[in-house]
Structure formats: C-alpha cells, structure tokens
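Quick notes on the structure that follows.
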Amino acid sequence: MFRVITTRFLSDQLFKLNACLFVPIIAALCILPFGVNENIVMIMVQIFLYMALGQMWNLLGGYAGLVSLGQQMFIGLGGYALAVITEIYHLPMIVGLLVGGIVSVIFALVISQPIFKMRGVYFSIGTWIAAEALAVYFSNWTYVRSGQGFNITVSYDLTTTDMYYIAAIVGLGAIGLVHTLLRSKLGLALMAMRDNESAAETIGIEIYNTKLKCFLISAFVTGITGGALYLSIAYVQPYAAFGIDWTVAMVFIVIIGGIGTVEGPILGAVFYVLLKQYLYDYPGISMIILGIIAIIIILLASRGIMGAVHDYWGFEIFSTRRWVNKSR
Amino acid sequence: MTSKDLLEINNLNVHYGELQALHDISLKIRRNSIVSIIGSNGAGKSTLLNTILGINKPTSGSVLFLGDKIDGMQTNRIVAKGVSLSPEGSSIFQKMTVKENLLMGAYLPHTRVNTAAKLEKVYRLFPVLKEKAGQQASYLSGGQRQMLAIARAIMSEPKLLFCDEISLGLAPIIIQDIYSTIKEINEEGLTIVLVEQDVRRSLKYSHYSYVMLKGRIVLEGKPSELLEGEVQDAYFGLNKYIKC
Amino acid sequence: MEIIQSVLNGLLLGGLYAVIGIGMSLIFGVMGLTNLAHGDLIIVGAFVCMTLTAQLVGSVWAAIVITVVIMAAIGFFIQGFLINRVLDKGAEPALLTTFGVSICLSNTLLLFFGADARSISSSFATANAFSTNLFSVSSVYLLDFFIAICVIAVLHCILQYTYFGRSVRAASDNIHAAELMGVDTKKVFSYAMALAMVSAAIAGLLVGMTFIFYPSTGTQYLIIAFGVVVIGGMGSLLGTLLGGIILGLAQLLGAYFWGSGYQLLAGYLVLLLILTVKPEGLLSIASRK
C-alpha cells in the first residue's frame with residue numbers, strides 16, 4: 001500500500017517535485033564554488049565527472065545489456081584529443097573537449113563493426129582488448145609523443161571554479177541526457193529489450209540499431225568526460241589513459257550505487273570519490289575495499305543500493321515509468 | 001505404507017513463485033509394476049517428475065521412497081538411493097561416446113561393480129547401442145538417443161525408473177520397439193513409471209494409471225477397469241473433470 | 001634468417017600460453033564462467049612461488065609444490081564461498097564478481113610487494129639450450145614448452161580415464177544429466193576450480209621464470225588466456241595448445257615485422273579478428289546451447 005502511494009504520489013506530482021527539490025539543488029550547486037573551500041570544490045569536480053562516467057556505463061550495462069569493460073578507450077581518446085588540440089594546434093580547450101567526443105564516436109562506429117558481432121562475455125572482453133590495443137598503439141605512436149605523453153599546459157591557467165563549472169555541465173548534462181533518453185522511444189525500446197530480447201524483436205524493435213545508438217551516445221559523452229578529466233589531471237600518458245582502472249571505477253560506481261537506475265551512479269560516484277579521498281594516503285586499500293564491497297553487494301543486493309530502495313520502497317527520484325490513467 | 005510400495009507421495013503441493021503447479025498430489029507406486037502417469041501438455045507431469053527427482057522443492061506434502069523422505073533432497077543424493085530418470089528429450093552427453101554415456105550411468109561408487117556385465121545386458125536389450133558404442137553420442141538418431149537415455153538410466157541397477165515422454169517425436173515402429181524393451185526390463189524386476197502423452201500405448205503396457213489435469217490427479221485405476229471415454233474426458237478436461 | 005628465430009620462439013612460447021589458458025578453459029567448460037581473475041591468480045602464483053623460492057634457498061621445485069597446494073586451497077575457497085553462490089544469479093553478476101576478485105587480488109599484491117619489477121630466479125633464465133648459426137633455443141622457453149606438454153598430457157589423462165575426469169566432462173556437457181547420474185555438481189565445480197588453480201600456479205612459475213612481472217601484469221595474461229581459449233575453441237585441450245601456438249606466433253611475427261613494441265598489439269589484432277569471424281574457435285567440438 002505504502003509503496004503504491006509513494007510511486008503514484010511522486011509521478012503524479014513529478015512536476016511539483018521538480019520545482020520544489022531540484023531548483024534549489026541546482027541553484028545551490030551553481031553557487032557552490034563561492035561558498036566552500038577549494039578542496040571541496042575539487043571533490044565535487046570528481047563527483048560530477050565520475051557520475052557522468054557511471055551514467056554512461058549504466059546506460060550500456062544496466063539498460064542496453066552491454067557489459068563494456070573497455071570504456072577507457074574513449075576516456076583515453078578524449079584525453080589525447082584535448083592534449084593534441086591544445087598542445088599541437090593551440091586551439092581553445094572547448095574545441096579539444098568536443099573533438100574528443102567526436103573522435104570517440106567515430107572510433108566507436110569503426111570498432112562496432114567487429115565488436116557487435118560478439119555476444120555476451122566475448123563482447124565484454126572484446127571491448128577490453130580494443131582498449132589495450134589502443135594503449136599499445138599510442139605508446140608507440142610518435143605523433144602523440146609515444147610513451148611519454150603530454151603535459152596539458154592549458155590546465156595550468158584554469159581556475160578551480162572554471163573546472164567546477166565544466167565538470168558540473170558535463171555531470172548534470174549526463175544525468176539529463178540519460179533521463180531524457182530513457183523517457184523517449186529509445187528508452188522504451190531499451191526496457192523492452194532488457195526484459196525479453198526476442199520478444200522485443202518481434203514487435204519491431206531493431207536490436208542492433210538500438211544497441212548501436214547507445215554505444216555511440218556513451219562513446220560521445222565518455223569521450224568528452226575523458227577530456228574534462230584530463231583537464232583536471234593535466235598530464236596524459238597511454239597506459240594510464242587507456243587503463244582498466246577507469247572501468248574499475250565505473251563498474252563499482254554502478255554496481256554499488258544501483259545498476260539499471262538513474263540515481264544509482266550518482267550515489268555510487270559520491271561513494272567512490274569520498275572513499276578515495278578518505279583513503280588517499282593508502283592508495284591500494286581503497287580499491288580492495290571497493291572490490292570487497294562490490295562483491296558483497298552483488299551477492300546480497302544485486303541491484304545495488306538504489307536498486308534495493310526501488311524494490312523495497314518503490315521510491316524513485318528519476319522515474320522512467322509511465323502511468324496509464326485507470327478508470328475505476 | 002505397505003512394503004509393496006516403492007514410492008509414496010502424499011498431498012504434494014508445488015509452486016512456481018506465486019503460481020501453483022501441483023495441487024494435493026497423492027499416489028503410490030507398487031514394487032515390480034509399470035505405472036503410467038498421463039496427461040496433456042501443461043498438466044503438471046514434468047513438474048511432478050522434477051519434484052520427485054529433487055529439481056523442484058515442494059511447498060508442502062511428502063515424497064517417500066522406500067519409507068525415506070526424499071522431498072527437498074539434492075538430486076544426486078536421491079539418485080544414489082536407487083531412483084533413476086530417463087529425461088525428456090533424452091538429455092544425453094553429446095560430446096561423449098555412447099559407451100562413455102553408459103559408463104556415466106554407473107558413476108556412483110556403489111554402482112561401479114560388474115560394469116562389463118551391465119554393459120552386456122544393456123547391449124542385449126538395445127543392440128544398436130553396441131554397434132555405435134565408440135561413436136560420439138551427438139551422431140545418434142532420435143530413437144537411438146532415447147534408447148541410450150533409457151540404457152544409461154538402468155546402468156546403475158536402480159530400484160525405480162522414471163521414463164519421461166519416451167515416445168515424443170519418434171516413429172511408431174521405434175516406439176513399439178522401445179516399449180517392448182520396457183516390458184522386458186520390468187519383467188526382470190525393475191519398477192517403471194511412464195510419464196506420457198501417448199495414452200493408448202501407455203495404458204496398454206501399464207498395470208496402474210494416473211491421469212493428470214491442471215496439476216491435479218483427476219482419474220486413477222487399473223487400465224483394464226478404466227473406460228476409454230472416462231480417460232478421454234479426464235485427459236481433455238471435459239465434463240465432470242472441469243473444476244475451475 | 002631472423003624470422004626462423006621468431007617462428008621458433010613463437011612456437012615455444014605457445015606452450016607457455018597454452019598452460020596459461022588451460023585453467024580458464026576448464027572453468028568455462030565446466031561452469032560456463034569466464035574468470036576475469038584468472039590472470040591475477042597466475043600472478044599471485046608467481047609472487048607466492050617467488051617468495052617461497054627466496055626463503056627456501058635454491059629450491060624452485062619445492063616452492064612450486066607448496067605454491068600448488070596453496071593455490072588449490074585458494075581456488076577451493078573462492079569457489080565455495082563466492083562463485084557457487086553467484087552462479088545462480090546469471091552471467092553478468094558472476095562475471096562482475098570475478099572482476100571484483102581480480103581488482104582485490106592485484107591491489108593486495110601491490111600492497112604487499114610494491115610496484116617493483118619481479119622475477120623468479122633460476123639457472124634456466126639466461127642460458128641457451130643450444131645454438132646454431134640460424135637460431136638459438138633459449139633454455140627457459142624450452143622448459144616452458146616441455147612442462148606445458150606435460151601439464152596438458154596429465155590433464156588429458158585425468159579427464160579421459162578417471163571417474164573424476166568423466167564427471168567433469170559430463171558436468172560441462174550437460175549439467176542436469178550429470179546430476180541425474182549422481183554427480184555432485186557443486187563439488188565438481190570446486191574440484192575443477194582447484195585443478196584450474198593448480199594450472200595457474202604452474203603457469204605462474206613459468207611466467208615468473210621467463211619474464212619479469214608486476215602486480216598489475218594480470219591483465220595481460222588474462223587476455224592471453226582468453227585468447228588461447230577462444231582461438232583454440234572451448235572444451236578442447238588440443239585446441240588450447242593450438243591456440244597458444246597461434247597466439248605466440250602472431251605475437252612474435254608481429255614483433256618481427258613491426259618492432260618489439262607491437263608484440264602485444266599483434267596478438268590483440270589476431271584475437272579480435274578471430275572473435276569477429278569465428279568466436280566458437282577453430283577447433284571447438286560442439287556449439288554451446
């Protein structure tokens with residue numbers, strides 16, 4: 001009973017909820033840099049960017065059923081695009097970020113040809129291999145200074161506040177994008193596919209195209225996020241840029257936060273960034289703890305924290321459900 | 001329970017989630033008999049078999065084998081007690097040879113004795129298996145696979161053999177062959193339960209019959225005493241057998 | 001010609017790669033699980049072996065025996081407490097659980113041993129078994145190949161001629177039918193995992209003797225293991241050997257034509273090619289249902 005009331009209440013009142021809750025939150029986020037100290041701002045930068053990564057991984061893994069272990073290829077491409085555009089061509093960094101997104105989409109399109117022929121675990125490892133291949137290639141490519149990498153000098157002139165707004169736009173944009181997508185026709189197709197792929201096919205949903213669109217969209221956003229991340233890191237180098245550690249972060253963020261929910265990656269990102277901050281002096285331990293927590297969650301609450309909240313209390317902030325007016 | 005009963009099921013209820021698949025099933029299997037459980041698709045026969053073999057756990061009720069409670073036990077422990085199943089669709093080990101399939105039938109430690117003699121017996125009952133002993137099982141025809149499944153199931157010298165839909169998809173002459181072998185095996189002392197959609201033949205060969213419909217037993221009795229019309233009605237759910 | 005040296009090395013290395021892949025092939029065949037922690041488990045084996053060798057001065061062979069026992073125990077533990085529980089939940093949770101284990105392992109190694117390059121010292125490391133004008137055969141490569149053949153032969157005998165081996169094959173073939181034969185499939189899983197761990201321990205020893213390794217090297221060997229299994233086809237020991245050789249040749253020839261920096265890349269490209277064109281592998285016996 002309570003469950004029905006909560007969900008109905010929220011979706012019926014969704015617009016009012018948006019107004020009451022989101023506007024103040026967004027407003028607070030906008031003026032945040034002016035009110036708090038720089039460390040907290042940098043933490044927020046991390047949260048926004050990891051949130052975006054998580055949303056994209058979730059789009060692929062939680063909705064489209066594509067468990068990608070190779071998203072780092074787009075992060076690396078985004079980071080390198082930023083580096084090349086700003087260091088070699090001396091163009092503004094916004095161009096660098098956008099080019100990162102575009103290059104990622106193009107690469108995704110190319111790699112989708114072989115990769116989408118692979119199913120299940122083959123797909124997952126295929127994406128991982130593609131990323132590793134890029135790492136090796138880039139470390140031998142003199143145009144991008146091989147194993148040495150780039151110092152991204154435009155970062156040095158960037159204030160923390162500027163970085164914050166860039167990250168906020170990317171992060172909040174990612175949430176907005178995912179939420180909009182899921183409420184669109186594509187979203188319906190995704191949910192149909194998630195429940196029963198062959199049934200979805202029989203009603204006309206083009207599985208391949210739907211999955212491909214998700215893959216390209218996630219490539220684009222991940223590429224831009226990668227550029228933004230490297231804007232804050234200021235130094236790009238092949239094995240780190242194309243390293244599996246990025247995917248580790250994404251997987252854990254989504255699993256702990258809640259796979260297949262929009263709020264999950266938000267929670268997961270906060271959790272991840274705070275854990276890393278707290279254990280900054282002990283780098284290895286934070287990953288071990290993360291790994292253990294992720295495993296426990298998979299065993300006990302496989303839909304993650306937000307998934308459990310969904311299932312037990314029917315509480316959704318970003319509801320992607322639709323209501324049909326019933327006549328009683 | 002008398003000592004003549006090998007298997008006794010009392011008031012068995014099984015659910016798949018919220019859906020009730022078996023309602024209050026009670027039956028007895030007497031030693032040395034052939035019992036048939038017949039019913040159309042969806043009548044619950046497979047669910048019943050799966051529950052007896054430990055693949056499903058019942059919601060309530062009991063399954064007793066030789067007086068021991070086997071409901072809720074793990075499949076491999078139930079099999080170790082002397083219950084054997086020739087599964088629907090044969091379910092043979094495709095990548096193994098015919099002979100290896102048969103040897104797997106005598107996998108349990110206490111069944112590993114006299115393997116050569118058992119193989120001979122099985123080859124006598126199903127000569128085609130001897131011919132194809134060294135071949136990979138995936139090359140067998142449907143009828144041959146069914147024979148392999150039954151042969152494999154008797155390698156462990158079980159006390160009770162369940163045959164799930166052995167006539168499915170087979171040519172009548174092959175079915176005839178298999179059924180006469182079933183009769184032969186039974187005459188040598190094995191209790192057999194036939195779960196079938198083929199009403200005529202299973203009634204002909206069995207000593208006692210149960211008809212299932214929508215998860216319930218709606219008719220039972222010796223085939224000689226059951227009227228053909230009665231059985232038809234029960235099978236198809238006509239007249240007095242409709243409860244919902 | 002130098003190409004002969006590359007081909008020879010590729011062949012010999014193929015043996016090592018086959019041993020790396022065997023554990024993964026076994027787990028996938030029996031449980032349908034891709035163990036993403038396999039590469040890291042090999043490196044754990046290498047570290048354990050290295051530490052034991054350093055303490056038990058001079059005896060790599062005593063060290064490997066102890067390593068094998070430790071690794072088998074670890075495998076049993078992981079299987080019983082973790083994997084058996086998650087297998088019922090579906091393919092993704094199981095895959096991601098092994099991913100979690102992989103991360104825990106590599107970071108634990110980093111914590112205990114630091115990020116330095118390591119190797120297992122032995123008299124084989126630098127010596128050459130024999131040399132001619134055209135090519136030379138490195139002792140350690142030859143040892144790797146020899147041990148690989150032994151491991152494959154022993155495993156083949158176990159699987160083919162013992163009741164236990166038959167139960168493993170039955171469980172990989174048709175798990176429900178295996179249960180009906182009285183096979184305790186959960187136990188078979190645990191034993192299969194222990195066997196896979198034994199092969200990982202041996203692979204760890206060989207890797208440690210042949211190359212330098214770091215706590216993070218697991219990824220590289222995971223991809224090699226996966227590659228070997230995919231190229232050779234699931235469920236075929238001979239296929240695993242063939243897969244190892246093909247991968248080894250691809251890598252060494254890639255290095256020959258494009259430079260040593262591209263060795264790994266050549267392997268990845270061949271692997272991606274095969275995954276695209278014939279994912280069930282070159283020698284697979286039957287397709288999985």
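This one's a predicted model, so the numbers in the text were calculated from it and none came from an experiment. Order of the sequence lines sets the chain letters (A, B, ...), proteins ahead of strands, with each chain counted from 1. What's counted below: heavy atoms across the whole structure, side chains too, no hydrogens, waters or symmetry copies.
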Worksheet item: Which bit of B/Ser91 comes within less than 4.5 Å of chain C, counting heavy atoms only: side chain, backbone, both or neither?
Response: both

Worksheet entry | chain C contact via B/Ala153 - side chain, backbone, both or neither, heavy atoms under 4.5 Å | neither

Worksheet item: Would C/Arg166 count as a cation-pi partner of B/Tyr107, with NZ or CZ less than 6.0 Å from the six-membered ring centre and within 45° of the ring normal?
Response: no

Fill in: B/Arg112 charged N/C atom sitting above C/Tyr163 aromatic ring, 6.0 Å / 45°
yes

Response to the item:
Applying ring-ring contact (aromatic ring centres under 6.0 Å, His included) to C/Phe81 and not counting sequence neighbours gives C/Phe77

Fill in: Part of residues 179-204 of chain C lying next to chain B, heavy-atom separation under 4.5 Å
C/Glu179, C/Leu180, C/Met181, C/Gly182, C/Val183, C/Asp184

Response to the item:
For B/Ala151, the side-chain contact (heavy atoms from CB on, under 4.5 Å) test, sequence neighbours excluded, returns B/Leu102, B/Val122, B/Phe126, B/Leu129

Between [X] and [Y], does any side-chain N to carboxylate O distance fall below 4.0 Å?
{"X": "B/Lys45", "Y": "B/Glu165", "value": "yes"}
{"X": "B/Lys57", "Y": "B/Asp71", "value": "no"}
{"X": "B/Arg124", "Y": "B/Glu184", "value": "yes"}

Discussion item. Which one wins on heavy-atom pair count under 4.5 Å against chain C: B/Thr111, B/Ile78, B/Leu108, B/Asn101?
Written reply: B/Leu108

Item to complete: Find the one option among B/Arg77, B/Gln74, B/Arg152, B/Met155 whose heavy-atom pairs under 4.5 Å with chain C are most numerous.
Response: B/Arg152

Practice prompt. Could you pull out all residues at least two apart from B/Arg201 that satisfy salt bridge (charged side-chain N to carboxylate O under 4.0 Å, His left out)?
Written response: B/Asp198

